[in-house]
Amino acid sequence: MELAFPPFPSLLPKSHHLQPQPPSRSRPGRLQEPVMALAQAPPPWLALSLDEARSVHVPHHARPVQETRARPHASAARREPRFVSETKLITFHSSAGRLGAARKVFDGMGHRDLLAWSAMIGAYATRGIFDEVLALAVSMIREGVLPDRFLITRILQACAYAEDQRLGSVLHSMAIRRGFMGRVKDVPVGNSVLVMYVKCGELGRARAVFDKMRRRDLGTWNSMIFGCCRSCEWDEARRLLDDMRREGTEPGVVTWNTLISSYARSGDLDVAVDLLGQMEECGVEPDVVTWTSLVSGFVHSDRGDEALQWFIRMRVAGVEPNGMTIACAISACASLKLLRQGSELHCHAIKIGAVNNVLSGNSLVDMYAKCGEIVAAYRIFNEIPDKDIFSWNSMIAGYAQAGYCGKAYEFFCKMESYGIQRNVITWNTMISGYIRNGDDERAFELFQTMESYGMKKDTASWNILIAGSVHNGYFDRALRIFRQMQSVLIKPDYITILSIIPAFANLVAAWKVREIHACIFHHNLEMDGKIANALINAYSKSGDLAGACAVFDRHSSRNTISWNCIIVAHLLHGSPTKVVDYFFKMKQQGVLPDHATLTAVIKAYGMEGMVSEGREVFLNMDKDYNVTPDLDHYAAMVDLLGRSGRLQEAYALIDEMPLTPNLTLWESLLTSARMHGNVRLALLAATEMSMIEPNDPIIQVVVSNLQDLAGKSFDVPKVTVHGKERMFGGVESCSTEIRNMVYLFSTGDKVASEDVAAELKLMMVQTGLSMLSAGNGALEVEEEKEEVAGLHCEKLAIIAGISNSPPFRSIRIIKTARMCNHCHTFAKLVSEKYGRQILIKDPKYLHKFENGNCSCEDYW
DNA sequence: CTAGGGTTAG
């Protein structure tokens, strides 16, 4: 046999291979001894190559052996190659990237001393394979070999990474017993113990170690500050910042970055920005990490526009972004759906060579997908060399969002054969994709089967079903899922609550709003602005204005949205005076009104008949609040003018406005024309509506009825009228809750018993309302005449409510079509004679009947 | 030997 060992072709510089081997060094006889016959035994020129390889990174603790005794050892190796060279070989293989080979040598060793363990553990540690480090450390200690001060820090690093506090504390006490702690030169050991406790979340123990350290370096302070930030001990972190300066250690970039990134990630962006200023004042230049922390903080807080501003500020400061920065900025574009800026960043990523980087690649996939560029997303995805779970999940989400659930499912299925294990998010993404595309069946099927694939459902899986059901209008299904979730002991979280609240925002769910409100406290969930606002909405829409006010009064950080919620609530409940009050209070507290606020205020002035005040707001909104009037404002103005009978003015406003009128706008005009009996204008408005929505049968009927009323002399385009059966899509119905049961009533339902008929007769007598008179003689065109269809459903519901629910309880009815005049009068009279509050919600208004009056002031 | 920035679902 010429050559006992393969010449390790790629491991050494070429010159070594080409160098003729000195005959004296090849001693095949010795090399073929059993121990050395291990496939990976050292080649004869090893000693030489190791000397050469000193420039290669070698773990620190192994270095003294090489450096101090390289020469004598090298010669010893030739005489006694077994023992010494095995450890060296481990180091050699490892530094050349052959971890498996190193491990083989290590496993084959008979006796393993500290140096061998250090070499092996170091090899894994430098590659971040911490599980292996921990496993080896445990066996080492079991074999009775104790780590020295160098090795112990490496193992502690692994403990910190894996959050293995048990082994960590063992090493901590070992370090104390062996005298590695407390002396000046032991700062590194102390640091690594400190970091271990910090990463394990044991801030108290970390603090104890910190306090005992005699000497501290910058890293010590940084680690301790990091620990405090992690545990949200912000005051303590700031105190440490002061302390370190007092003790003569100036905070460095990392110190500042730790604080800035922690504040930014926790959403305290003002503080983060303030710290940036302090940092610059101290003469420390912000680096990529600083800027990236800010950009990512703003992205995280859903403030993408500001994130991009900070990105620009960074470029102005002359700091070059790296892959991470670009990834964050692209993610900002994704959430803002800024395709152009996103593509610009794409170019930038190419320029700095970060496109093939998984990180920026993934955010590009996400960005293109969110901007609807699914082909571009796939192109990027395809070119990411090491696709990870994020790449696949983003791609699946992209296809699902674009409506290609089949394609998404294809990727969902094939990813595992590409070596990427699906995680919960993959499953959740797929489920949410199906539910968002209306395929509830497949969504539920996946939801049910995921556990049999060994994937545990998490809160998000449940949240998706709840949010999807609410979004698709299946409120009771959402509630059922919510209950089921609790019965299998999955705790609802912030998102669960936020998703389910809208399901209760209707009149029949009044008690459920209180229940969910209590649920927040029961589960100790964060009650933030979003939840508070959702609650205000839900309380007000379920008819509980007092409940809405209570939430509003209690919640501290009110923004424009909060004020809008309470303002709209009062508008809905017919308290226009309060709307104006809140409007002034809001401005007084320095909260800027937005377009929604102004719409509500104009409507409120309209309800109060304060035409000139309303008009003033409308005319000056651009100047005063920097809000350009949109269609909603024009509709509110038409409403305001129409209520006071200024129909021509209302029409002129529509005629002269710079926007194209929409359905709501014409509907407002139609309503005012109807209320004031102006057939001509009503027909005009209805005709315009029919041209916008030519296929809406209800509009067709309205037009047809108005044409009849206006007489044949009036020249209008002839509109085909659909059959009346189709007009209501069956029968108009409404629901109400009586003694915790929800009942459904349909127009024309047979009056079931003699009792009810008698009750109705009695009510009629009591209220003095005749069955046939329609009240104020206004145009009745929006619903079928009662004589034809039978008794209207809300009358049935009112009768049932009055005779079956406890006295003084309010009667709450939700209906799908708008109220007719007769029912409206009936409800007013009943509310007075029977002393009951009656709430009836139709698609446009909430009518609150009390003491013979309605909150809509008979204009709806 | 120790310290800082990251992308996906609801």
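Sequence lines set the chain letters: A, B, ... in the order given, protein chains first and strands last, and positions in each chain run from 1.
Residues passing the side-chain hydrogen bond (donor to acceptor under 3.5 Å, both in side chains) test with A:K370, sequence neighbours excluded: A:D366. Judged as a side chain to side chain contact (heavy atoms under 4.5 Å, CB included), and not counting sequence neighbours, the contacts of A:V271 are A:R238, A:Y263, A:D268, A:L275. A:D528 pairs by the salt bridge (Lys or Arg N to Asp or Glu O under 4.0 Å) definition with nothing, not counting sequence neighbours. Partners of A:S262 under the side-chain hydrogen bond (donor to acceptor under 3.5 Å, both in side chains) rule, at least two apart in sequence or in another chain, do not exist in this structure. When the side-chain hydrogen bond (donor to acceptor under 3.5 Å, both in side chains) test is applied to A:T255, the partners found at least two apart in sequence or on another chain are A:N222. Here A:R207 pairs with A:D211, A:E236 under the side-chain hydrogen bond (donor to acceptor under 3.5 Å, both in side chains) rule; sequence neighbours left out. By the salt bridge (Lys or Arg N to Asp or Glu O under 4.0 Å) test, A:D439 is found to be paired with A:R442, residues two or more places apart in sequence or in another chain being considered.
Within residues 364-373 of chain A, the residues having any heavy atom under 4.0 Å from DNA chain B are, by residue number, A:D366, A:K370. Near DNA chain B, meaning a heavy atom under 4.0 Å from it, residues 211-222 of chain A has A:D217, A:G219, A:N222 in order of number. Taking every heavy atom of residues 270-286 of chain A and every atom of DNA chain B, no pair lies under 4.0 Å. Only A:A460, A:N463, A:I464, A:A467, listed by number, bring a heavy atom of residues 460-468 of chain A to less than 4.0 angstrom from any atom of DNA chain B.
Residues A:F130 and A:Y124 fail the side-chain proximity criterion, which asks for heavy atoms closer than 4.5 Å. The closest side-chain heavy-atom distance from A:C333 to A:H346 is not below 4.5 Å.
Rounded to an integer number of Å, the gap from CG of A:L194 to C1' of B:dG4 is 15 Å. The distance from atom CD of A:Q157 to atom C1' of B:dA3 is 12 Å, rounded to the nearest whole Å. Between A:I420 atom CD1 and B:dT8 atom P there is a gap of 17 Å when expressed in whole angstrom units. Between the CZ atom of A:F210 and the P atom of B:dA3 there is a distance of 15 Å, given to the nearest Å. Taking atom CH2 of A:W256 as the reference point, atom C1' of B:dA3 lies 16 Å away to the nearest angstrom. If you measure from atom CE of A:M196 to atom C1' of B:dC1, you get 14 Å, rounded to the nearest angstrom. A straight line from CG of A:N393 to P of B:dG10 spans 12 Å, rounded to a whole angstrom. The distance between atom CD1 of A:I384 and atom P of B:dT8, rounded to the nearest whole Å, is 13 Å.
Within a 6.0 Å radius of CD in A:E285, no more than 12 heavy atoms belonging to other residues, nucleotides or ligands are found.
For A:L359, the side-chain atoms get nearest to B:dG6 when compared with the rest of B:dT8, B:dG4, B:dG6. Of the candidates B:dA9, B:dG5, B:dT2, B:dA9 carries the atom nearest the A:T429 side chain, counting heavy atoms from C-beta on. When the nucleotides B:dG5, B:dT2, B:dG10 are ranked by their closest atom to the side chain of A:I495, B:dG10 comes out on top. In this structure, the nucleotide among B:dG10, B:dT2, B:dT7 sitting nearest to the side chain of A:V195 is B:dT2. Which of B:dT7, B:dG10, B:dG5 sits closest to the side chain of A:R436 comes down to B:dG10. Nearest nucleotide to the side chain of A:R154, out of B:dG10, B:dT8, B:dC1: B:dC1. Closest approach to the A:I425 side chain among B:dG5, B:dA9, B:dG4 is made by B:dA9 (side chain taken as heavy atoms from C-beta onward). If you check B:dG5, B:dG10, B:dG4 against the side chain of A:S296, the one that comes closest is B:dG5. Nearest nucleotide to the A:F226 side chain, out of B:dT8, B:dG4, B:dA9: B:dG4. Taking the side chain of A:N322 as heavy atoms from C-beta on, and the options B:dG5, B:dG4, B:dT8, the nearest nucleotide is B:dG5.
Between A:T459 and A:D493, the side chains place no donor N or O within less than 3.5 Å of an acceptor N or O (distance only, hydrogens not considered). A:N463 and A:T496 are linked by a side-chain donor-acceptor pair at a separation below 3.5 angstrom, with hydrogens and angles left out of the test.
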Inset, instruction - For the pair A:M485 and A:L465, evaluate side chain to side chain contact (heavy atoms under 4.5 Å, CB included) and give the outcome as yes or no after the intermediate values. - result: CA-CA 10 Å; A:M485 166 181 186; A:L465 293 189; over 6 Å; no
Inset, instruction - Check step by step if side chain to side chain contact (heavy atoms under 4.5 Å, CB included) holds for A:R436 and A:C405. - result: CA-CA 10 Å; A:R436 272 205 305 203; A:C405 276; over 6 Å; no
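Counting any heavy atom pair closer than 4.0 Å across all strands shown, A:H300 reaches sugar-phosphate atoms only and no base atom. At a threshold of 4.0 angstrom between heavy atoms, the contacts of A:S261 are confined to the sugar-phosphate backbone, with no base atom among them. Across all strands, A:R265 comes closer than 4.0 Å only to sugar-phosphate atoms, never to a base (heavy-atom distances). Using a 4.0 Å heavy-atom criterion, one finds that A:S363 contacts no nucleic acid atom at all.
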Using distance only, find each side-chain donor-acceptor pair of residues 319-329 of chain A under 3.5 Å and give its atom names and separation, not counting sequence neighbours.
{"from": "A:E320", "atom 1": "OE2", "to": "A:R315", "atom 2": "NH2", "distance (Å)": "3.0"}
{"from": "A:N322", "atom 1": "OD1", "to": "A:M324", "atom 2": "N", "distance (Å)": "3.1"}
{"from": "A:N322", "atom 1": "OD1", "to": "A:T325", "atom 2": "N", "distance (Å)": "3.1"}
{"from": "A:N322", "atom 1": "OD1", "to": "A:T325", "atom 2": "OG1", "distance (Å)": "2.9"}
{"from": "A:T325", "atom 1": "OG1", "to": "A:T292", "atom 2": "OG1", "distance (Å)": "3.0"}
{"from": "A:T325", "atom 1": "OG1", "to": "A:N322", "atom 2": "N", "distance (Å)": "3.2"}

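Counting atom types as modelled, A:D287 pairs a side-chain N or O with a base atom of B:dG4 as donor and acceptor under 3.5 Å.
Using cut-offs of 30° and 60° for the angle between ring planes, the A:Y418 and A:W392 rings count as tilted.
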